[in-house]
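Working notes, beginning with the structure itself.
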Amino acid sequence: MKRLPVPEVVSVITGTTGEVRDQPIGRLDLASRRAVALWRRWFGGIDTCLVRSLVLGGMLRGGGEVELCIGFRPGDEELPLDGHAWVTVDGRPVGHDGALAREGYTRVLTVPFSQRMEEV
């Protein structure tokens with residue numbers, strides 16, 4: 001498996017997905033979660049907040065300022081650091097993973113879905 005920097009992955013997604021933003025955000029969030037779950041079940045992919053957020057962000061692009069956010073918060077005894085990824089539209093967290101982001105995560109990386117890699 002090839003490893004790429006997050007901004008490069010977002011750039012690839014931005015360049016290959018069509019705009020489907022005419023659907024409500026809640027519907028696109030559900031569709032992205034189902035798609036990732038099926039991908040995991042059928043093809044052995046991984047179902048994480050980062051993968052779900054990349055899919056949702058790609059589906060939402062073109063409908064306002066859409067950004068991928070990655071943040072961290074102190075964890076528990078087993079995991080000293082807890083990371084999370086979510087999508088914002090016009091600065092507001094959206095979707096299932098966006099709701100979880102309100103639980104004290106400090107944003108450390110934000111990547112817009114509207115820019116190509118050359119612009120980042």
Side-chain angles (χ1 to χ4, degrees):
M1 179 195 292
K2 184 177 178 184
R3 294 179 187 205
L4 298 172
V6 172
E8 191 172 330
V9 173
V10 170
S11 177
V12 169
I13 290 170
T14 300
T16 59
T17 60
E19 294 183 20
V20 293
R21 180 60 169 83
D22 59 338
Q23 298 291 321
I25 291 174
R27 178 177 251 175
L28 293 176
D29 178 51
L30 180 60
S32 66
R33 287 188 287 136
R34 285 180 176 169
V36 173
L38 289 172
W39 175 59
R40 182 179 139 255
R41 187 175 331 143
W42 293 346
F43 302 106
I46 56 173
D47 184 351
T48 65
C49 57
L50 178 59
V51 173
R52 290 188 303 270
S53 295
L54 288 167
V55 172
L56 178 60
M59 294 172 86
L60 289 172
R61 76 177 188 85
E65 187 178 322
V66 180
E67 297 177 317
L68 169 69
C69 302
I70 298 175
F72 295 92
R73 68 178 181 183
D76 56 24
E77 293 175 5
E78 292 179 26
L79 297 171
L81 194 60
D82 181 23
H84 187 53
W86 66 94
V87 173
T88 61
V89 175
D90 297 330
R92 292 176 293 125
V94 297
H96 176 76
D97 288 312
L100 294 175
R102 295 182 180 102
E103 296 180 5
Y105 288 92
T106 300
R107 189 182 311 190
V108 297
L109 178 66
T110 302
V111 182
F113 275 91
S114 59
Q115 294 181 340
R116 307 289 271 162
M117 188 61 193
E118 305 85 53
E119 301 171 11
V120 174

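We're numbering straight along the sequence, starting at 1.
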Reported CE-to-CG distance for the pair Met59 and Leu54, which is rounded to 0.5 angstrom: 13.0 Å
Over all atoms of both residues, closest heavy-atom pair of Gly98 and Pro93: O-CB, 3.4 Å
Same cluster (ILVMFWY, side-chain, under 4.5 Å), Leu50 and Leu81: yes
Common cluster, Val87/Tyr105, ILVMFWY with side-chain heavy-atom separation under 4.5 Å: no
Arg107: side chain to side chain contact (heavy atoms under 4.5 Å, CB included) partners, not counting sequence neighbours: Glu67, Cys69, Trp86, Thr88, Thr110
Residue pairs fulfilling ring pair (Phe, Tyr, Trp, His ring centres under 6.0 Å) with at least one residue in residues 47-68, sequence neighbours excluded: none
Path from Val108 to Leu100 over hydrophobic side-chain contacts below 4.5 Å: no
Between CG on residue Leu60 and OG on residue Ser53, distance to nearest 0.5 Å: 10.0 Å
Of all pairs that satisfy salt bridge (Lys or Arg N to Asp or Glu O under 4.0 Å), the ones with a partner from residues 83-105, not counting sequence neighbours: Arg52-Asp97, Arg73-Glu103
Taking every non-hydrogen atom, the tightest pair across Ile70 and Ala85: CG1-CB, 4.2 Å
